[in-house]
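Some notes on the structure that comes next.
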Amino acid sequence: MSITVHLPDGTALELAQGATGADAAAAIGAGLARAAIAVAVQRDGSEPQVVDLARPLESGVRIAILTAKSGPQALEVIRHDAAHVLATAMCELYPGVKLAIGPPIAEGFYYDFDLPEGVRLSDDDLPAIEERMRAHIAAAERFERSELSVSAARERFAAEGQDYKVELIDDIVRSAPAQAPVQTVSLYTNGPFTDLCRGPHAPDTSAIKAFRLQSVAGAYWRGDSKRPMLTRVYGTAFFSQKELEEHQARLEAARARDHRRLGRDLDLFLFSELSPGSPFWTPAGMTIFNELTSAWRALNSARGYHEVRTPILYDAELWRQSGHWEKYRENMYFTEVEGRQMGLKPMNCPAHIQIYKSARRSYRDLPIRYSEAGLVHRHEPSGVLHGLLRVRHITQDDAHIFCSEDQVQEEVRACLQFAFEIYELFDFDVRLELSTRPTQRIGSEEMWDRAEAALAGALDAQGLAYERNEGDGAFYGPKIDLHMEDAIGRSWQLGTIQLDYSMPERFDLRYNGADNAEHVPVMIHRALLGSFERFIGILLEHFAGELPLWLAPVQALIAPVSDPAAAYAQRVAERLRAGGVRCELDLRAESLGRKIRDAELRKIPYILVVGPKEAAASTVSARVRRRRKGAPPGEVEHHEQQTELDELCAELERERYPQSIRALRTPGGRLPTEALEQKLDIL
RNA sequence: GCCGACGUAGCUCAGCUGGUAGAGCACUUCACUCGUAAUGAAGGGGUCCGGGGUUCGAGUCCCCGCGUCGGCUCCA
């Protein structure tokens, strides 16, 4: 008897009955057999499944032997191996430790432990644990798989006091489909350690060629804040020391992009203990904020939005009516004024509703689109604050669209298109998520059905790919969330488009239809940047502080070679300022090298060196920042060019705004804030 | 909010086992007048996060707050 399996290149391989992945690898070549980590097995029409090399193969399956070169699938195996080795070391070092779970994750692995009474783990303990792990890896302990009946496994772990494992077994049994009840569970043993585990694992622990424990953190059992806090140890593992070092270098590079560091180094914003979670914007940071706001304003206006501005403090009655009191109170700030309870707005919608309600509306008025750079306050728990990315007061690039039900799809479509247009300014790639009804919600099931269907319809109608994120909607309606991936592969949530049939009901919104009957409008809540604060944080990290010219607080620095060139430098500066360029003059009694160094550290896009030569020829020696070819945004190099002053002005004029914004400049030739800046300059 | 770590000059950090604070950068002044990433010298600057406690004596040890960082839960 023999079996046949198919290899990735299409050839068929005949093996003895009962042959394993390891046998298959050996049949292909001795080198492969040595390098093999696991095997990916695919039955007809099903997803490939990675299994141990020691598992017997079924006839007819397609197989792929995984080695160090097989990418994420193989990495996942050895990272899972490493998690087991970590647990092995922990059991030896901390007798009585209870084990929770230890899976591989995108960048490595972790294991959650419930440490014995009185034991605390800190980063300082990691080297000792690593050392213990190294001993187990050096011993090349085999991963032996065994199966135990559910009751035997339960008994075994209960006897060892491994309560979490018992709970896991009960869960495995409970979540199994009725037609395929779970009879047995698998266990893996390496050296002295046995763990409940589905596998797969490498043949032995020596497959872990390079690893490192990274940090200690707290994590709730099962991610539930009502359950015990466990101690989580994070680590990562690779097939070579070199890859591990490269990984460390990537982490280091990510730290250099940290917007909190950039905010301080570039003097853009700061935080104070006196108002946790609230940025103070410096003049330079405010320049970015304002440029972004005015671009946003121009784009909104071009798309039929009307800007409004509403109060931040409201009678609590409003929040009772909106449902925020019921569902969102924990996140709100309240105060008492002359015996009246008042609350700071955490969202702008009820405010915009007041404007909608201020007049009788006709179907002819719809859709009504109100936009507001609205300041909202949300009491975020202290532990979640994070620079600009998670703050307690937020300036949302908010808008609310009031429309009729049959306008919903078109309005959502337009919002999506608007979003793409904005993201294009920064070359962002977006990913879409549709979030559906959460457990904490208001409104009828029927309403949720309609709202979810309308959003899905708008996405489908445009053939947009999206993921469904069940249960993650806002309390008043489902939403489409827009995520971007930044220069170094991290994902951030930007905008959100939320459909709401609920607020209009609660606030008794009406419009007169063509039939002269009263109808209830639908509300669309949308923010595309998310918030100006978070968006600027994301931009800083994405561009590593090397902001596009139009956002750069200082666009050009003029560096006279020495004092005699100062007069010409002045003239250059005046000329550029007249053209609306934000420039600075470095008249310090410092060397040229010093001025250039300081300007580059400030990430100023244009450094204009002027001396007697340039003065004589009406030119500048421009040191221009350029993105390095093939490098992600934020990795820049500088090159020098001699340019006529006129030509430079023309170039800056061309580069000053992205095409789509430039087209929207007001007849005066400038965006509103610029015009204002000019006036102030004259004063 | 929860777990852990941390909090010393504007920034980055040193300060061993308790004996009343230091460096580099930044800042100020002076000299240098400089050609594409740091000229030199001098000087000023500290409630050692806050409040209690232990001690003859606390930046250092203990407790309680606050903040920050890494996670978890949550989230634009």
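Protein chains get the first letters and strands the later ones, always in sequence-line order, with residue 1 at the start of each.
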Checklist entry - Are R369(A) and E411(A) within salt-bridge range, i.e. N to O under 4.0 Å? => result yes
Checklist entry - Out of U33(B), U39(B), C72(B), which nucleotide sits closest to the side chain of R594(A)? => result U39(B)
Checklist outcome for this item: Considering only heavy side-chain atoms of V609(A), the closest of C34(B), C2(B), G35(B) is G35(B)
Checklist entry - How is R378(A) classified with respect to the nucleic acid when contacts are heavy atoms under 4.0 Å: base, sugar-phosphate, or nothing? => result base
Checklist entry - With a non-hydrogen cut-off below 4.0 angstrom, is Q440(A) in contact with a base, only sugar-phosphate, or nothing? => result nothing
Acceptor/donor pairs from residues 601-613 of chain A side chains to any protein atom, 3.5 angstrom cut, sequence neighbours excluded:
| from | atom 1 | to | atom 2 | distance (Å) |
| --- | --- | --- | --- | --- |
| R602(A) | NH1 | E584(A) | OE1 | 3.0 |
| R602(A) | NH2 | E584(A) | OE1 | 3.2 |
| R602(A) | NH2 | E584(A) | OE2 | 3.2 |
| Y606(A) | OH | E651(A) | OE2 | 2.6 |

Checklist entry - Among M347(A), M503(A), E372(A), which one satisfies side-chain contact (heavy atoms from CB on, under 4.5 Å) with H352(A)? => result E372(A)
Item to check | d(CG, D265(A); P, C11(B)) in whole Å | outcome: 11 Å
Item to check | Closest approach of P127(A) to D123(A) (non-hydrogen atoms, all atoms of both residues) | outcome: CD-O, 3.6 Å
Next on the checklist: Please compare H386(A) and S225(A) by the position of their nearest nucleotide in RNA chain B and report the one closer to 5'.
Outcome noted: H386(A)
Item to check | Centroid separation F334(A) to W319(A) less than 6.0 Å | outcome: no
Checklist entry - Paired with G67(B) by Watson-Crick or G-U wobble geometry, both distances under 3.5 Å: which nucleotide is it? => result C6(B)
Checklist entry - Given atom CG of L270(A) and atom C1' of C11(B), what is their separation to the nearest angstrom? => result 13 Å
Item to check | Any-strand Watson-Crick or G-U partner of G22(B), both distances under 3.5 Å | outcome: C13(B)
Checklist outcome for this item: RNA chain B nearest-nucleotide lookup for I394(A) and D124(A): closer to the 5′ end is D124(A)
Item to check | Per Y234(A) side chain, nearest of listed nucleotides A5(B), C72(B), C66(B) | outcome: C72(B)
Next on the checklist: Using a 6.0 Å cut-off, check whether atom CZ of R260(A) has over 12 heavy atoms from anything other than its own residue.
Outcome noted: yes
Next on the checklist: With a 3.5 Å cut-off and heavy atoms only, can you find an N or O donor on one side and an acceptor on the other between the side chain of R232(A) and the base of C3(B)?
Outcome noted: no
Next on the checklist: Please confirm whether the ring centroid of Y370(A) lies under 6.0 Å from the ring centroid of H400(A).
Outcome noted: no
Next on the checklist: Any residue in residues 98-112 of chain A with a heavy atom nearer than 4.0 angstrom to RNA chain B? Just list them by number, or reply none.
Outcome noted: none
Checklist entry - Considering only G35(B), U39(B), G71(B), which nucleotide approaches the side chain of E590(A) most closely? => result U39(B)
Checklist entry - Under the 3.5 Å rule, do the base of G1(B) and the side chain of E330(A) count as making a donor-acceptor pair? => result no
Checklist entry - Below 3.5 Å, does any donor atom in the side chain of Q396(A) face an acceptor in the base of A76(B), or the other way round? => result no
